[in-house]
Amino acid sequence: MAKDKKKTSKLDSVASLCKRRGFIFQTSEIYGGLNGFWDYGPMGSQLKKNIRDAWWQDIVVKNENVVGLDASIIMHPRVWEASGHIGGFSDPMVDCRECKKRFKADNLCEEQGQELIQDGKKFQLPEGIKCASCGSDDLTEPRSFDLMFKTFVGPVEDDSAVAYLRPETAQGIFAQFSNVLATSRQKLPFGIGQIGKAFRNEINPRNYTFRSREFEQMELEFFIKPGTDEEWHKYWVQKRLSWYESVGLPLSSLELDEHPKEKLAHYASACTDVAYAFPFGVQELEGIAARGNFDLSRHQEFSGKSMEYFDQETNERYIPHVVEPSAGVDRIALAILCEAYTEEWIPKGGEGEVIKVEDADLGKRAPEGYEARTVLKFVPKIAPVKVAVFPLLKNKPELVEKAREIFEELQEYWPCFWDVAGAIGRRYRRQDEIGTPFGVTIDFDTLEDNTVTIRYRDTMKQERISCDELLPFLMKKIR
RNA sequence: GCGGGUGUUGCUUAGUGGUAAAGCUCUAGCCUUCCAAGCUAGUCACACGGGUUCGAUUCCCGUCACCCGCUCCA
């Protein structure tokens, strides 16, 4: 195999660790996998839960004017007519028979000053359109790629039973706007937050878990008085940025991509992407869009039900505008993994400087006199396992018993890890690879003076702390 | 989906028309008073499906998956 294998990129190193340590697996791997679908293992599922919890806490719990929702994945098909996903969400593509390149048909036409001809579900290229790459006019007919997964509701598979897996969670919020408004006693401005799976039959899933066909979104629809769009849009961009910092993505690793006005959808007044510098390029984690009242108006039109809000202060009746921060959980998880992934060369014997391995040298052998360490530097809040507890020696029952006691106490509060196997250094390194921020070791001194060693993942420094102070100390560090 | 590349165990590699080897990891035991130590034993692989053949991991065809480019955007 792979005699001329390219040097591995950082993404390969991250993916390899994710598999080795139980973060991410290929779905149904024993059958060869399925393109665009991924499973999260013991560490990955806890990592994702921590990300969701951090979002839910920051968006729903800590804002008294934001409430939660958990809408169903399959909704009435008319929802997708109203949202524009049926008819508008499929991209007709053309292929060049000469140079084999593929283009979005409407982009290609637009670039050449023409418009794509649409006749119901059929598309046609206008005269004279040429390949943007090689200039050939030998192009295929525009073909539609429906990005929504279809299924049937009930036992009969006829056209009237067709339904769709939601391609975004947002429409569940819009469709329940009136019910939430009526039951939550909220006044404008207020928001509805939701976390859930969405599905898109992507043409080409890529970049590990980055573009998957099944993915998880965290979306807030923040409803506002028309005319306040700009200030609320700015507010949420800032608010979201500070959240990213709090989960371990520093501002220096992020980029704001403000869409120019002329590129916005006709109903939108602003859209800013939060992007992360992945190993494969700067790519979007979240889009924060000011969408006007497009969605609610459409649902009012298609359902015939009023989406208006009565403003008690001004005695006005209007359809609220909305600002939508919409984030991808899987993308954030991948960004956090990439950001946290670190290889170090540490001097044997403990003397000298630790060398942080540059991206280009990842996976290489440590130089003479050094040994390699792989560590995931998660912030404690996000780390899947918070504390690992070790008896210094396995064959000393008094150590094991005391350690077990401490482990069981800590387990009441966080996911913890119990490990008695192998030398203590080996056990520390195992925890480094899953990003456990704290190690607690019980030794013979513990039995004498009731103190334990606490070992820090990032610095490998150790200090002694009284057993009584351990819990409050960790509480403070982990929050 | 199109074009190109890749596919042997958890990882890194070896090898063969007669079903596979090594190191590390992992598991168990012994030992061990703080950073992948040592000793003993053990588990685990030729992506899948056809074809050729007495016999295929090896040759041929197809499929799948992953990576790169086109494309895409949560």
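In what follows, chains carry the letters A, B, and so on, assigned in the order in which the sequence lines appear, proteins first and then strands, with residues in each chain numbered from 1.
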With sequence neighbours left out, the residues meeting side-chain hydrogen bond (donor to acceptor under 3.5 Å, both in side chains) with A/Asp58 are none
How close do A/Ala71 and A/Gln194 get, heavy atom to heavy atom, and via which atoms? N-OE1, 2.5 Å
Nearest-Å distance, CZ (A/Arg206) to P (B/U71)? 12 Å
Across nucleotides 34-45 of chain B, 5' to 3', mark each nucleotide with B, S or - according to how protein heavy atoms within less than 4.0 Å reach it. BBBB--------
Which part of the nucleic acid, if any, lies within reach of A/Glu202 when heavy atoms closer than 4.0 Å are counted: base, sugar-phosphate only, or nothing? base
Heavy atoms only, 4.0 Å cut-off, all strands: where does A/Leu399 land among base, sugar-phosphate and nothing? nothing
With sugar-phosphate taken as primed atoms, P, OP1 and OP2 and all else as base, the protein-contact string of nucleotides 61-66 of chain B at under 4.0 Å (heavy atoms; B, S, -) is ---SSS
Rounded to whole Å, please give me the gap between CG in A/Asn201 and C1' in B/A74. 16 Å
Partners of A/Ala15 by side-chain contact (heavy atoms from CB on, under 4.5 Å), sequence neighbours excluded? A/Tyr208
For B/C68, does either OP1 or OP2 sit under 4.0 Å from a side-chain N or O belonging to A/Asn207? yes
side-chain contact (heavy atoms from CB on, under 4.5 Å) with A/Asn35: which residues, sequence neighbours excluded? A/Pro205, A/Arg213
In this structure, how many angstroms lie between the P atom of B/U71 and the CZ atom of A/Phe280, rounded? 17 Å
Rounded to the nearest Å, what distance is computed from the CG atom of residue A/Leu147 to the C1' atom of nucleotide B/U71? 12 Å
What is the pairing partner of B/G69, taking Watson-Crick or G-U wobble pairs with both distances under 3.5 Å in any strand? B/C2
Could you check whether A/Ser212 gets within reach of a base, just the sugar-phosphate, or nothing at all, counting any heavy atom under 4.0 Å? base
List for me each residue that meets side-chain hydrogen bond (donor to acceptor under 3.5 Å, both in side chains) alongside A/Glu463, sequence neighbours excluded, and say none if there are none. A/Tyr456
Where A/Ile224 and A/Val322 come nearest, the two heavy atoms and their spacing: CG1-N, 4.2 Å
Counterpart base for B/U63, defined by Watson-Crick or G-U wobble contacts under 3.5 Å: B/A47
Please list, chain by chain and in numerical order, all residues satisfying side-chain contact (heavy atoms from CB on, under 4.5 Å) with A/Lys377, sequence neighbours excluded. A/Thr342, A/Glu344, A/Val375, A/Arg457, A/Asp458
To the nearest Å, how far apart are A/Phe149 CZ and B/A74 C1'? 15 Å
Contact class for A/Glu286 vs. all strands (heavy atom < 4.0 Å): base, sugar-phosphate, or nothing? sugar-phosphate
Whether A/Asp443 and A/Arg464 form a salt bridge (side-chain N of Lys/Arg under 4.0 Å from carboxylate O of Asp/Glu) is what I want to check. yes
For A/Arg240, all residues meeting side-chain hydrogen bond (donor to acceptor under 3.5 Å, both in side chains), sequence neighbours excluded: A/Glu286
For residues 274-284 of chain A, which residue pairs pass the side chain to side chain donor-acceptor pair (under 3.5 Å) check, not counting sequence neighbours? A/Tyr276-A/Glu339
Measure CD1/A/Ile30 against P/B/A47 and give the value in whole Å, please. 16 Å
Nearest-Å distance, CD (A/Glu284) to P (B/C73)? 9 Å
Paired nucleotide for B/G38 [Watson-Crick or G-U wobble; both distances under 3.5 Å]: B/C30
Between A/Lys19 (NZ) and B/C26 (P), how many Å, whole number? 17 Å
